[in-house]
Each structure stands twice: as C-alpha cells, then as structure tokens.
Amino acid sequence: VPNMILPDLQPIPFPAPVGLLKTLLVVGFFTHVVPMNLALGGALVSALYLLAGKHQENAHASRLGHSMVFSLPFAISLAITQGIVPLLFLQLVYGPLYYTSSILMGVPWIAIIPMLLVAYYATYIAKFKEKALGAWVPYVLMGVFAIFAVIGFFFTNNMTLMLKPDTWQDFIVEGKTGLALNLLEPTLWSRYLHFALAAFAVTGLGIGTMGLYWEKRQAEYAGWLIRQGSAWYLGVTLLQIVVGFWFLFALPEPIRQNFLGGDKMGTHLFNFSNVLGVVSVISMALAWSRQSFAWFRTGLFTALGVVFSMTWMRHLLRDYTVSSFFSPEKAAVNPQWDLLIAFGVLAVGTIVYLVWLGKITIKSFDKPSNPV
Ligand code: HEM
C-alpha cells in the first residue's frame, strides 16, 4: 500500500497465543462497555428524570433521578477500571497501529484524562452537594454527559484512525501531528452514533434492573421502573436499526461482505446478533405492555447477549480492515503458562470476591435508611 508507514511489532514474543489475547481483549471490552454505557447514558437520563420530577410533581421520576445520581460514580469507576483491561490487550496485540494513531491525535487523546477527572468529580458534587446545588443538579449532570460524549467521540476517532495507516502520512505532511482527528473517516459518525445511542438502551436495562431489585419490596414503584426501562430500551433500539444499517452501509463493500456471507464467523455473528436483537425487542415490548418482570428478565439477558456479540463483530471489523497489512498472528509466541495460570486464578478469585462484595452491598440497602 502506498504511503504506509507501519512500525514493527515489539521484538519480545507474545506471552500467550494471539487467539487468547484477542479473546481477552473482546471480553475485557464487553466489561468496559456496559458500565461505560450506564455512565454516559445515565448522566443525561438522570438529569431528565430530575427535571421531570420537579415539574410534574412526579414522585417516581424524581426518586429514580436521585437513585441514578447516587449510583453514577459506581458506574464511572467500573467503566474506568474495566477500560484498563482492553487497553492492555489492545496495546499488546495492535501496538504499532494503536500507539501511532494515539500520537497523531495526542492532544485530544491526552485531554481525555483531565476531562474525565472533571466529569467524575462533578458527579460526586452532584451526589453529595445536592442541596447546595439545588436546581443546578440536572445541568451539572448534562455537563457531565457532554464531557463523556466528547470522550467517546475521541475514542471513536482513535479506534478508526489506528486502522488506516495509509492516511497517517497526510497528517504529518499537513503538520497536524498531535492534533489529528479522523474526521474524513466515512464510518466515523454512524459508528459513533451507534455507540452513543446504545448507551441509552443500556441505561434502560439499568433502570429495569432497579425494578427487579424493588420487585418484592415495593411492587408499584418496581412496575413503573420496569416500564420506564423497557421503554428506553425499546425506543432506542428501534432507532438503532436505522443507525446500524447506516453503519453497515458506510463500511467499504469488501469489508461489509464479510458480515453478509463472505466470512463464516462474521456472517454467523451478524445473523446471531440480529435474531437475538429481535427476541430482545419483542421481550421488551411485552415487558412494557404487560408490565412484566419475567419478560424484562428475558429482554435483559438477550440484550446483553446482543451487546456481547456486537462487541465481537466490532473486533472482527478491526481484523478485516487490517488483515492485508498487519497480522500479529505471524509474531513469535513464547507462552508463559505459569504466569497465565496465576492470572487465571487471580481473575477468577477477583470475580468471586466482587460477586460477594456486590451481594453485601445490595443487602446493605435493605435498611430503613436506604438512600435509593
Ligand atoms: C466515561 C468515559 C469513557 C467513554 C464515554 C468511553 C467510550 C468508549 C467508546 C464509545 C468506545 C468505542 C469506540 C469505537 O470503537 O468506535 C471505547 C473503546 C475503548 N475504551 Fe472507553 N470510554 C471511556 C473511558 C475509558 C477509559 C478511562 C479507558 C481506559 C482506562 C477506556 C478504554 C477503552 C478501550 C481500550 C477501548 C477500545 C477497546 C477495543 O478496541 O477493543 N475507556 N470507549
């Protein structure tokens, strides 16, 4: 390919088979994307409920708004810590691509850190200084949402710029090193919108899950939460069909074909996601119209399945795009099984610990002083 400047992979062999590293990358990204969606969508949706609760004397809306503000810092901290996981595997497997694009867009890229600090801190202010802030709380949350939306936009820029080394030289020639954004990328806006919209569907899943918590405690409020959550999921996902097709058709024809029959794995995943997506939409429609907890549960699990399989498709898209000039599979591998086993044991141990911690946290809310 002309104009291609591509650094070599690091000379040190991979510590594990590339297939395993990529699997951990995808699984890690899934654990990032769910809380990230709750943080991004939750920031705006909580503001909307607080505003709705204020004007219509709608007690449920203001209660939900407050609960969401209460839980927002949890979602953000999870999004950040779980962001490290794919970051490590991304650097390891796609370093020459990812490092270079990060340097090309260095200024906006590093700006993510101070932006995140400000937004994260602001959610704590909204949570703990609610009385002092008064009517300003929803607007602080909208500001947080705006910052998160820009952070996500920077991510989409980098994740697409790293796949197009043939465009890098232009940025250098034009003297834009450090300030590059990938604004000429044909899939940029559809891809970004697809991710940003998903945040509101997943926030709907979060709201409905609060309903599952209240199911046996306060049935009336719980039923209202189920309807709100399923309505968010349903409305946004129906819109997402349009955006999803826009994204699919913005892809270059040979790459799109991989999902439409060209590649077995891509096609199976695409079909599987679509079938599961339809099941989730039908389940949520029933959850909404019948105020049904059981249908919401079905909708919740199938929706999370859709997020996971789409996460995998997103990874395949990366490999389809770079396969002609970049193949980490060809690099040397020197598995360090002792370390991998230690990693596996610690990972499972951490998950068991977190489940236990989650259980006692949830239990601690069963007190008269429950703030949510
Ligand atoms: C609340 C702030 C954040 C938002 C809104 C956000 C949003 C996003 C979005 C939209 C993507 C997908 C971009 C695309 O493929 O087009 C993404 C990917 C990613 N994010 Fe985040 N992110 C946030 C914070 C973080 C943090 C703090 C880290 C690291 C510690 C992180 C690590 C990653 C990684 C590594 C990927 C790419 C994973 C892969 O390519 O498989 N994110 N993020």
Side-chain angles (χ1 to χ4, degrees), residues 21-44 72-95 97-99 101-102 105 108-123 141 143-164 181-183 185-203 240 243-244 246-247 250-251 307-322 326 328:
L21 298 174
K22 286 184 174 177
T23 306
L24 292 170
L25 169 58
V26 175
V27 173
F29 181 63
F30 176 71
T31 66
H32 168 57
V33 89
V34 173
M36 177 273 277
N37 280 184
L38 292 173
L40 176 64
L44 183 60
L72 212 49
F74 290 119
I76 301 170
S77 68
L78 264 179
I80 295 171
T81 43
Q82 292 312 111
I84 313 279
V85 183
L87 191 62
L88 296 179
F89 293 109
L90 189 70
Q91 289 171 349
L92 188 62
V93 183
Y94 299 93
L97 303 169
Y98 165 78
Y99 282 130
S101 61
S102 301
M105 62 172 286
W109 189 242
I110 204 74
I112 288 178
I113 311 263
M115 287 164 68
L116 191 56
L117 280 174
V118 170
Y120 193 12
Y121 202 82
T123 58
L141 293 166
V144 169
F145 168 74
I147 294 178
F148 284 166
V150 175
I151 292 178
F153 184 63
F154 288 169
F155 265 98
T156 298
N157 274 273
N158 202 359
M159 292 306 116
T160 51
L161 186 60
M162 66 175 264
L163 307 179
K164 300 276 176 75
L181 282 178
N182 200 18
L183 299 178
E185 163 63 40
T187 63
L188 185 77
W189 291 102
S190 54
R191 178 173 177 146
Y192 175 62
L193 204 62
H194 196 52
F195 280 106
L197 268 180
F200 294 93
V202 172
T203 299
Q240 197 71 290
V243 177
W246 177 22
F247 185 16
L251 294 172
V307 176
F308 187 75
S309 62
M310 295 240 168
T311 300
W312 207 288
M313 280 173 64
R314 171 183 171 283
H315 171 73
L316 287 182
L317 172 61
R318 166 164 49 212
D319 276 1
Y320 296 147
T321 313
V322 302
F326 184 78

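First listed ligand is number 1; within each ligand, the first listed atom is number 1.
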Which residue supplies the protein heavy atom nearest to [atom], what is that atom called, and how far is it?
atom                    : answer
atom 4 (C) of ligand 1  : M36 CG, 3.5 Å
atom 13 (C) of ligand 1 : T156 OG1, 3.6 Å
atom 38 (C) of ligand 1 : F29 CD1, 3.4 Å

Heavy-atom nearest option to [atom], drawn from [options]:
atom                    : options              : result
atom 29 (C) of ligand 1 : A199, G83, A43       : G83
atom 26 (C) of ligand 1 : F195, F155, F148     : F155
atom 41 (O) of ligand 1 : Q91, R318, K22, M159 : R318
atom 3 (C) of ligand 1  : V26, I80, I151       : I151
atom 23 (C) of ligand 1 : M162, Q82, E185, H32 : H32
atom 2 (C) of ligand 1  : L116, I76, N37       : L116

Does L40 have a heavy atom less than 4.0 Å from any atom of ligand 1? no

| H315 touching ligand 1 at heavy-atom level, < 4.0 angstrom |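 For ligand 1, residue contact (heavy atoms, under 4.0 Å) with H315 is absent.
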
Quick one, V85 and F29 - any side-chain contact, counting heavy atoms below 4.5 Å? no

Inter-residue atom distance [X].[atom1] - [Y].[atom2], 0.5 Å rounding:
X    : Y    : atom1 : atom2 : value
Y94  : R318 : OH    : CZ    : 5.0 Å
Q91  : Y98  : CD    : OH    : 5.5 Å
Y192 : N157 : OH    : CG    : 10.0 Å

Worksheet entry | Heavy-atom closest pair, residues L72 and G42 |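 The pair with the smallest heavy-atom distance is CD1-C, 3.9 Å.
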
For T187 and S190, the nearest pair of non-hydrogen atoms, with its separation, is O-OG, 3.2 Å

- prompt: Is the F153-W189 ring centre distance short of 6.0 angstrom?
  reply: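 Close enough - the centres of the two rings lie under 6.0 Å apart.
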
Would a distance-only check, ignoring hydrogens and angles, find a side-chain to backbone donor-acceptor pair under 3.5 Å from Q82 to V33?
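Answer holds: no.
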
* Kindly check if the number of other-residue, nucleotide or ligand heavy atoms within 6.0 Å of CG (L117) is above 12? => yes

Check each atom of ligand 1 against the heavy atoms of [X] and keep those under 4.0 Å away; list them by number with element.
X    : value
L25  : 41 (O)
R191 : 14 (C), 15 (O), 16 (O)
P86  : 35 (C), 38 (C)
L87  : 35 (C)

Quiz item: Heavy atom under 4.0 Å from ligand 1: found in L90's side chain, backbone, both, or neither?
Solution: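 The answer is the side chain of L90.
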
Just say parallel, tilted or perpendicular for the rings of W109 and F155, cut-offs at 30° and 60°.
perpendicular

